[in-house]
Amino acid sequence: MTAQQFIPKPYTGSVENGSFTWSSPSNIALVKYWGKKENQIPENPSISFTLNDCKTTTKLSFSKKESKANFSFEVFLDEEKKDDFKPKIETFFKRIEAYLPFLKQYHFKIETSNTFPHSSGIASSASGMSALALCLMSVEKELVESVSDKLFIQKASFLARLGSGSACRSLEGDLVVWGKHDAIDGSSDLFGVKYPFEVHENFKNYQDTILLVDKGEKQVSSTVGHNLMHGHPFAQERFKQANKNLTDIISILKSGDLDRFIALVESEALTLHAMMMTSMPYFILMKPNTLEIINKIWAFRHNTGSKICFTLDAGANVHVLYPEIESEQVLEFIKSELVVYCQKGHYISDRIGFGAKLL
Ligand code: DP6
């Protein structure tokens with residue numbers, strides 16, 4: 001596929017107004033995307049677990065307008081008008097206009113809400129951009145003669161990527177790969193694809209408890225963060241390592257070898273942070289409590305033989321990953337030993353999920 005193939009043929013249908021509502025989840029990367037080229041092309045392939053409960057629901061209402069000169073839209077978060085969200089959406093619309101030529105023909109009302117608190121420090125860009133991309137695809141579906149389910153999802157993922165890279169991994173589940181990788185047929189830099197190989201029972205219903213260590217605004221925006229990989233002294237080695245980790249995770253997911261899984265996932269998380277610590281300017285995005293939690297997890301694993309592990313995004317919060325059969329024991333541990341390190345004791349229990357839904 002090339003980007004050109006997502007430019008639609010002249011529309012044959014027409015629609016005056018209507019609305020669509022999609023819910024789309026967040027995702028957590030196992031092999032991380034960190035570093036991109038122009039047009040949201042990732043420097044390396046990544047793979048993520050789709051989440052189940054952390055999600056955004058977006059209702060897109062549209063009505064035909066007279067002038068086709070500009071984009072016209074309004075945004076609401078939890079029923080409150082959010083003009084500060086507009087620049088990001090305007091940028092998104094500009095990036096996708098060539099692929100959705102109807103955008104300037106309608107006025108849009110975008111009403112969105114998240115299941116997780118806005119101020120939780122959990123990025124809503126993946127779930128938010130994927131939900132919006134899906135709503136826009138539903139509008140396009142009204143205007144074209146036919147579109148296969150496969151192309152619908154592929155193009156929605158392609159559009160979501162242009163909003164936020166990791167968003168292209170949120171549409172399906174339970175594992176999604178984004179970025180060209182030799183061992184994964186059909187993988188693409190342009191959109192996410194469902195992980196095509198066998199996955200061991202051990203990963204079924206895998207749990208992710210998100211410990212909210214720091215609920216503040218991100219210290220470094222992802223755009224700034226990705227840019228720091230340009231000219232980074234270790235960037236090329238990092239991209240090679242991510243490619244290798246993606247090769248390795250294929251046999252890990254098949255065999256269900258949780259020790260190798262833990263080593264790969266924790267190394268990925270720490271490498272992501274090491275990249276930020278060694279860029280110029282440099283950043284430490286972990287907080288003291290992030291480290292306290294990591295050390296407690298390591299001690300618990302050592303003492304009990306549990307297969308608990310952690311991963312991190314570009315922030316201080318900790319995603320605690322563990323197999324479903326350990327749920328009771330690990331939740332007990334989290335409540336008794338880790339919650340004290342969370343801001344106001346807040347955490348979110350989530351698990352692997354299966355992607356977006358049309359409501
Ligand atoms: C650390 O997808 O937020 O979560 O493409 O600039 O919107 P943009 O970046 P974004 O980056 C996410 C990076 C990460 C790792 C990952 O999800 O793979």
Side-chain angles (χ1 to χ4, degrees), residues 24-51 54 56 85 87-89 91-92 94-96 120-133 157-171 175-179 181 187 189-193 195 208 210 214 217-230 232 235 238-239 241-243 245-246 249 264-277 279 283-286 290 310-319 321 350:
S24 191
S26 186
N27 68 74
I28 180 69
L30 304 171
V31 175
K32 309 284 180 184
Y33 148 57
W34 197 243
K36 60 179 165 185
K37 302 176 204 166
E38 245 189 309
N39 300 326
Q40 298 280 102
I41 297 299
E43 289 277 10
N44 64 260
S46 56
I47 183 168
S48 50
F49 275 149
T50 305
L51 295 182
C54 287
T56 298
F85 283 15
K88 205 167 176 193
I89 293 176
T91 305
F92 179 47
K94 278 187 196 145
R95 286 188 194 158
I96 62 173
S120 62
I122 298 185
S124 57
S125 63
S127 51
M129 285 297 176
S130 53
L132 181 55
S157 175
F158 170 86
L159 297 172
R161 183 195 103 245
L162 292 169
S164 175
S166 57
C168 77
R169 296 189 313 237
S170 270
L171 291 82
L175 280 154
V176 176
V177 176
W178 167 41
H181 188 269
S187 59
D189 286 346
L190 299 177
F191 47 81
V193 295
Y195 179 72
D208 179 3
I210 308 161
D214 183 16
E217 277 286 303
K218 273 197 196 170
Q219 210 188 102
V220 185
S221 77
S222 53
T223 310
V224 171
H226 288 287
N227 276 335
L228 291 172
M229 291 301 275
H230 291 136
H232 189 296
R238 160 60 196 154
F239 303 145
Q241 177 202 40
N243 268 282
N245 280 343
L246 206 73
I249 209 168
L264 188 149
V265 166
E266 291 191 346
S267 161
E268 272 290 321
L270 294 179
T271 302
L272 169 70
H273 281 253
M275 288 296 115
M276 288 182 258
M277 289 201 238
S279 55
F283 294 96
I284 299 179
L285 300 185
M286 291 189 218
T290 312
F310 71 86
T311 188
L312 307 165
D313 270 340
N317 295 336
V318 182
H319 288 250
L321 303 178
D350 207 338

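Whatever order the structure lists ligands and atoms in, that order sets their numbers, starting from 1. None of these values were measured; they are calculated from a predicted model.
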Does Arg95 make a cation-pi contact with Phe92, if we ask for NZ or CZ under 6.0 Å from the ring centre and within 45° of the axis? no
For a distance cut-off of 3.5 Å, show me each N or O of ligand 1 paired with any protein N or O, plus the separation.
unit_1	atom_1	unit_2	atom_2	d
ligand 1	2 (O)	Ser164	OG	3.2
ligand 1	2 (O)	Ser166	N	2.8
ligand 1	2 (O)	Ser166	OG	2.7
ligand 1	3 (O)	Ser222	OG	3.3
ligand 1	4 (O)	Asp313	OD1	3.4
ligand 1	5 (O)	Tyr33	OH	2.6
ligand 1	5 (O)	Lys36	NZ	3.4
ligand 1	5 (O)	Gln40	NE2	3.3
ligand 1	5 (O)	Gly165	N	2.7
ligand 1	6 (O)	Lys36	NZ	2.7
ligand 1	6 (O)	Ser222	OG	3.3
ligand 1	7 (O)	Ser164	OG	2.7
ligand 1	9 (O)	Ser222	OG	3.3
ligand 1	9 (O)	His226	NE2	3.0
ligand 1	11 (O)	His226	NE2	3.0
ligand 1	17 (O)	Arg169	NH2	2.7
ligand 1	18 (O)	Tyr33	N	2.9
ligand 1	18 (O)	Arg169	NH1	3.0
ligand 1	18 (O)	Arg169	NH2	3.2

Only residue of Ser127, Ser24, Ser124, Ser170 satisfying side-chain hydrogen bond (donor to acceptor under 3.5 Å, both in side chains) with Thr56 is Ser127
Say whether Thr311 and Lys32, considering side chains only, have a donor N or O and an acceptor N or O under 3.5 Å apart. yes
Backbone N/O of Met275 and side chain of His232: donor-acceptor pair under 3.5 Å: yes
So CZ of Arg238 and CD of Glu43: to nearest 0.5 Å the spacing works out to 11.0 Å
Item to check | Neighbour count >12 (heavy atoms, 6.0 Å) for atom CD1, Ile41 | outcome: yes
